[in-house]
Structure formats: structure tokens, C-alpha cells
2 protein chains.
Amino acid sequence: MVTISDIAKELNLSISTVSRAFTNPEMVKEVTRKQIIEKADEMGYQVNMIASQLRNKSSKLIALVSLQPRMSWFTDDLLNGAQEYVREEGYEIVTLNAHNAKVDSISICERMRFAGIIIAATELGRDVEVKRSKMLPTVYVNRMSEEGNNILTDDAAGISDLMDYLYSIGHRKIGYISGPENSLNSVIRLNTFKKKMQEYDLPVRDEWIERGEWMAEDAREAARNILSLPEYPTVLVAANDQMCIGVYQAIQEKGLVVGRDISVAGYDNTEFSQWMNPPLTTVSLPLYEMGQIAARTLLMKIEGKEEIKKEQIVRGELIIRESTRTV
Amino acid sequence: MVTISDIAKELNLSISTVSRAFTNPEMVKEVTRKQIIEKADEMGYQVNMIASQLRNKSSKLIALVSLQPRMSWFTDDLLNGAQEYVREEGYEIVTLNAHNAKVDSISICERMRFAGIIIAATELGRDVEVKRSKMLPTVYVNRMSEEGNNILTDDAAGISDLMDYLYSIGHRKIGYISGPENSLNSVIRLNTFKKKMQEYDLPVRDEWIERGEWMAEDAREAARNILSLPEYPTVLVAANDQMCIGVYQAIQEKGLVVGRDISVAGYDNTEFSQWMNPPLTTVSLPLYEMGQIAARTLLMKIEGKEEIKKEQIVRGELIIRESTRTV
DNA sequence: TTGAAAGCGCTAACAG
DNA sequence: CTGTTAGCGCTTTCAA
């Protein structure tokens, strides 16, 4: 493997000059520099960041640690947002998957002396437990942590917007399929649903509230239960998009048509929601933006600049499609 | 930041003993070792892999470089397969996204002196150009490269299996919506389709062959064209699942029912294909397995063991669901 | 504008 | 079983 010393030897220069040609080019005479760069290219030289990091004690690599078995849509959009931001500042992001790891991912980040860590959890309060880093600046996305900085989505505002919209187009009989009890996102969404119902002076009917584990299958079962009642709602809200697939199935089984006979709305704006038939009304998770904010916050911590907010809450957007309609 | 020398000082030991306690524990007396480990914990010590790598010239980090703007399903399953394999061997994978990077990802891998690189391309022959690494062992997934080792999927076998199945359930009039011409996957799939038609002594009717850019919208248009013909096929095969969404839409627009009036089949077995209505018949891309093979191949290269096959072709599986039926 | 030399934290050969 | 020491490749004083 070629080193600056190899280049120096070839050119009869000192290693310091070669080093400077790369890190402080203006300190090296034009012609010498040209020579060095050329020779380096020819020899296939690449700076050894390992060595330079040991010397400088500073890394330009940020870890995005994903707590899910599959990285998928959640990490993906988050990454894009974060990436765009950090690249402007000369950093790069590498993604680690904490699921099933032999050595915990946080330790890997620490041992590699990465510049900082972004932790991404899909479910507030439910993902794998993860060691907190005492060594590296960390920000948490969709996870509450006492010590770090938390970037959260405004689930209450999201459901609130959705409910207002449904109310405004005439819905009064609203069914709800919640996520699991131990997910904070789920709890917030459900509570907001109930709160809004009270606000509208509408009864919260227990038989119209079901619960699932975020999965299509659970929701199909749940929707079947609700639809088999003597009276059922004019709209079914599910706590995430995935469950709406099951809701669509149950509705179809009953010979009804989504968006005509009964409305459906979800949450997350996952990619396939636009491809459903009919396309699903939902609330977006502002992942791209959360990624950017996470990145900005992390870089501020890394560079030890200003005081940073403990919590930043980002609002999603109501996306109206054909699965909901006026009654 | 605490170092072995800090621990050594606290304990009145030499740094070598402390170092050994971590890397060659059997060389250190039981009690001394216990002491060291305890003190290290107490002080929050984490080995500085940067320093130890500089010394050892060996890394345990493998880079998975994704060439797509979004990592999504493709990289995701690949990663899971590769991860499972390398973790057994004490390696860890970090994912880099090459899209829009300021510094090319391969250079980053080289500069960080990672152990090796897995390059993941979604489309044979179409993704971003990427520098080849002269420094690090590399394997390519779904990308042909002269120098590296290539892990490919058997598109010909996949389409072949699908066609045999369609033929066996009575289909003789088969339409095809191809992907773009400059994607090798697409070309192989299309050519296999034609070859099979000839094999069955069936005419390849040009008006029943359309082309799209892998997108649902293109395929909707394409399917509309085919369905507006005086005579149309009993089954539409699209070169990927994503396009089947558009095919479903076009069929529905015409008042027909997928799986009853006309059959549809795709390719890739992307996650949502099972959630389509009706669930889509398709051919799986064996990404998990390809990930494992890529990992195994790469580790063999890294450890310089046996001779390695230049190309490994992995066969996907025909997945029969309700979108196709006997005519 | 260039060179000599120290040192980042760690490992391993060598000596005890 | 433990300590001393050289050196991995780089950056950065300091001196020329």
C-alpha cells in the first residue's frame, strides 16, 4: 500500500512536503505540488484516513444507527435528508444496523471514533434497547432519551389535522384502529383521536375502536369486527398505512367499495399508499426533514457551537387522496 | 478520551499488559485481567480501533455501497443476507450511499481502509458509473465488472419458469411490458420472453409488446395501449412488480377484473406485491441469498483463500398468487 | 518553501 | 506473566 513516504522517496522530497501538498496545498510551491499530485495519482495513492485520524483525533464520518430489522422506508428517507445536509459540511454518513448485531453498534461507532451518531427508531418507545454513548455526540430520531437531543414527529398535530378534515367533510361516525399500547406514537395518535372526538362532542364508541400490531393482517381482523356491527362508521382511521391494506381487504370482502361506501385514512404516507386502490388519504411522516434537522443538530453538537434544543418536533402534512370522501 | 496508558497508570501496570488484557487475555494473569477490565469499564474505555488498525493494518468493517438514490428494498434484503454472514466471522457492515456524494464512496472506503466492498446495483448496466477500487477487494451484485466478482440473478431462468407456468395453465396469448433497453436485466427478461414464445411455437406479436421505464405510470399507459387493441392477450407479463401497479389500474379502468378476466404477472417479488389486490404472481429476486453469497465471496477474497468463481448466478423462485389463473 | 522530528494509541517482538 | 520499545502513516511544530 502506497504511503506519503513512498511518494517522497520517488520524488526526493520529505514526507512533510508531500503531506502538505494534500492538506495545505498553498504552503507548497506550485510545481512541487503538481509533481506530487501527479506521482500520487500514478502510484494510486489514497490518504490513509486511519493514520490521519489518529493524529488529528477527528473523524468526518457520522453513523446512522437503525434499530429495525429492516431499514426500509423509514431509515431511507431519514438518511436522504441527513445525507444532503452533512455532505455540504464535508461529512459522510454510514449506516449501521443494530438489529442482531454481535457487537453493539454504538460500541462500534465509539471504537471507530466516528464523529457522531444518529439513532433512528421507527417506534417511539418500542424498539430494541440501545446503549447510550458516553463518548460520542448523539441525536435520537423518534426516540425519547434523557441525555441526547430528540427529533420527534408531531403525531398529535397529524391526527388532529386528519380529524378536522374528516369532520369538515361531514364524517361523524369515525372508527379507529390503533397500534400497540406500548408504542408511544400509537398512544399519542389514539389519545388525540379521542380528544378530538370529545372536542366535536361526538361519542367515543368502544366497539368502533380496535387495536392491531401495525400489521395488515391485524387490521383486517379489526375492520371485520367493526364492519360486522349492526351499525358501523362512515370512515375508518388506522394508525398507520400498513394496516389500511387490511382495512381495504375487509371492506372489499363485505362487498363495499373504499372511498365510495366507506372512507379510510392512514398515517405515515409510506410509498405504497399512493398506489393503493383507491390511493390512500394519510398524514406524512416528515422523515426527510427530520433527517436534515437531526444532521444539523448533530453537527452543532460535534462542533460544540450554540446551545441546542432538547426536543424538536416536526409536523407532518395531511395528504388527501381518493380513499376519503364527503358524506 | 481514556487510553490504555491511562488505565496502566491507574493500576501501576505497563501499557502492554493492559493491551494484552483485551487482545490476548490468556496471556495475562487472571486477577490482573479482572482488575484491568473492571477499571476500563469504570473509566469508560473503548479500544481505539483507529490506532489498532493503523498498527495491525486490518479492518473488520465491510462497506456495502448502494448506487441508488434510495436504498429501499433492494439494498435492504441484500444487507440482511450479507450481514448475517459477515457477523459470524467477526466483521460488520456499514452502508454507504453513492448517490450524490461529494466524495466518491469508493474513495471513502479506500481512505478508511475498509476490509472490502460490496457494490449493489439495482439495474444491471444502468446505475451510476462507479470507480473501481484498485485497493480493496470488491464484489459486485447485479453489476457486471471485468475485474471483480459478480453475483447475478438468473433472469432468464426466472422468466422461463414464469412462462412455463403460464403456458401450463393454458395461456397462449401473452403480452409483455418490458423495462428500458439499456438495462441488461430488462433485455435478458425480454429476450427470454421471446425465446420462450418461439419455443412454444407461439407468434411474438409486436403490438402486444410495450416498453416502460420500470414505473407504474409507464405501464399503465402501455397496458392501455394493449387493452385497446381489437384482440388482447389473456395475460400481461410486466418486467417488474412496480409496473404491475399500472397494469392493474389500466385493467380496472376498462372494467375488467385482474385474475378473473385477465391475468397479470410481475418480477422481483417486492414487498407490496403480496398486498396488491389480487396478490401478484411474480418471480422473487433472491436478494437475501445474493447478500450471503456476496459476503462469502468477499471474505474469501479478503482472506485470500481459495480460487473464486468470477460469476455466481442465483436463481429466483416463481411465486404463484391470485393474479394469474387458468384459461 | 522545505526538512527533521515528535507523537497520536495501539500491538508485538524481545527481554526479563 | 510483565515491561520496554519500535513503529504503523500521518500532521505539525520548529528550524533552516
Side-chain angles (χ1 to χ4, degrees), chain A residues 1-37 39-40 43-61 90 107-115 135-136, chain B residues 1-37 39-40 43-61 90 107-115 135-136:
Chain A
M1 197 136 310
V2 21
T3 69
I4 46 171
S5 135
D6 297 329
I7 300 177
K9 238 169 264 165
E10 288 281 319
L11 261 30
N12 272 318
L13 287 166
S14 73
I15 56 167
S16 350
T17 307
V18 178
S19 170
R20 276 191 284 256
F22 296 110
T23 42
N24 289 92
E26 70 286 357
M27 295 181 70
V28 177
K29 213 206 313 176
E30 176 82 22
V31 296
T32 328
R33 192 176 66 224
K34 282 241 170 86
Q35 238 186 109
I36 294 175
I37 304 292
K39 184 57 87 180
M43 300 176 73
Y45 172 75
Q46 284 282 9
V47 197
N48 186 337
M49 287 303 295
I50 297 303
S52 90
Q53 222 180 276
L54 177 59
R55 174 63 224 236
N56 286 334
K57 291 147 164 295
S58 99
S59 161
K60 287 291 189 183
L61 245 36
S107 293
I108 292 180
C109 298
E110 293 181 338
R111 306 223 257 258
M112 290 303 297
R113 301 293 193 266
F114 287 152
M135 191 183 282
L136 304 180
Chain B
M1 197 134 312
V2 21
T3 70
I4 46 170
S5 133
D6 298 327
I7 300 177
K9 238 168 264 166
E10 288 281 319
L11 259 32
N12 270 318
L13 288 165
S14 73
I15 57 167
S16 359
T17 307
V18 178
S19 171
R20 278 192 283 257
F22 296 110
T23 44
N24 289 92
E26 71 285 358
M27 296 179 70
V28 176
K29 213 206 314 178
E30 174 82 23
V31 295
T32 327
R33 192 174 68 224
K34 282 244 171 82
Q35 238 187 108
I36 294 175
I37 304 292
K39 184 55 89 178
M43 300 175 75
Y45 172 75
Q46 284 283 7
V47 198
N48 185 337
M49 287 303 294
I50 297 303
S52 94
Q53 223 180 276
L54 178 59
R55 174 63 225 235
N56 287 335
K57 293 148 161 296
S58 101
S59 161
K60 287 292 190 183
L61 245 36
S107 293
I108 292 180
C109 298
E110 293 182 338
R111 306 224 257 258
M112 290 304 294
R113 300 294 193 267
F114 287 153
M135 191 183 283
L136 305 181

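We name chains A, B, ... by the order of the sequence lines, and we start the count at 1 in each one.
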Exercise answer: donor-acceptor pairs, residues 19-27 of chain B side-chain atoms, under 3.5 Å, sequence neighbours excluded:
residue: B/Thr23; atom: OG1; partner: B/Ser19; partner atom: O; Å: 3.0

Can you give me every donor-acceptor pair (side chain of residues 53-60 of chain B, partner residue at least two apart or in another chain, under 3.5 Å) with its distance?
residue: B/Asn56; atom: ND2; partner: B/Ser52; partner atom: O; Å: 3.3
residue: B/Ser59; atom: OG; partner: B/Leu61; partner atom: N; Å: 3.0

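Residues from residues 14-25 of chain A that place a heavy atom under 4.0 Å from any atom of DNA chain D, listed by number: A/Ile15, A/Ser16, A/Ser19, A/Arg20, A/Thr23.
Between A/Ile36 and A/Thr17 there is a side-chain heavy-atom pair separated by less than 4.5 Å.
Taking 4.0 angstrom as the limit, B/Lys57 places a side-chain polar atom (N or O) nearer than this to OP1 or OP2 of D/dG9. Using a 4.0 Å cut-off, no side-chain N or O of B/Asn12 falls inside it from OP1 or OP2 of D/dT2.
B/Leu54 has its CG atom 4 Å from the C1' atom of D/dC8, to the nearest Å. As rounded to whole Å, 12 Å separates atom P of D/dG3 from atom CD1 of B/Ile4. One atom, CD of B/Gln35, and another, P of D/dC1, lie 15 Å apart when rounded to the nearest Å. Rounded to an integer number of Å, the gap from CD of A/Gln46 to P of D/dG9 is 15 Å.
Helix-axis bend for the helix from C/dT1-D/dA16 to C/dG16-D/dC1: the local axis fitted to the five terminal pairs at one end deviates from that at the other end by 40°, rounded to 10°.
Here A/Ile50 contributes atom CD1 and B/Phe114 contributes atom CZ; the two are 7.5 Å apart, rounded to the nearest 0.5 Å.
Evaluation of the side chain to side chain donor-acceptor pair (under 3.5 Å) test over residues 27-36 of chain A, restricted to residues two or more places apart or in two chains, returns A/Glu30-A/Arg33, A/Glu30-A/Lys34.
Taking the side-chain contact (heavy atoms from CB on, under 4.5 Å) definition, one finds that B/Gln46 meets it with A/Ser107, A/Glu110, A/Arg111, A/Arg113, A/Lys131, A/Met135, sequence neighbours left out. By the side-chain contact (heavy atoms from CB on, under 4.5 Å) test, B/Met43 is found to be paired with B/Val2, B/Asp6, B/Ile7, B/Glu10, B/Lys39, residues two or more places apart in sequence or in another chain being considered. Legend: residues meeting side-chain contact (heavy atoms from CB on, under 4.5 Å) with A/Ile15, ordered by chain and number and at least two apart, are A/Ile4, A/Ser5, A/Ala8.
Taking for each of B/Lys29 and A/Asn48 the nucleotide of DNA chain D with the nearest heavy atom, the 5'-most of the two is the partner of B/Lys29. With DNA chain C read from its 5' end, the first of the two nearest nucleotides for B/Thr3 and A/Arg33 is the one closest to A/Arg33.
The footprint of chain B on DNA chain C, defined by a heavy-atom cutoff below 4.0 Å, extends from C/dG9 to C/dA13.
In this structure, B/Met49 reaches neither bases nor backbone, as no heavy-atom distance under 4.0 Å exists between it and the strands shown.
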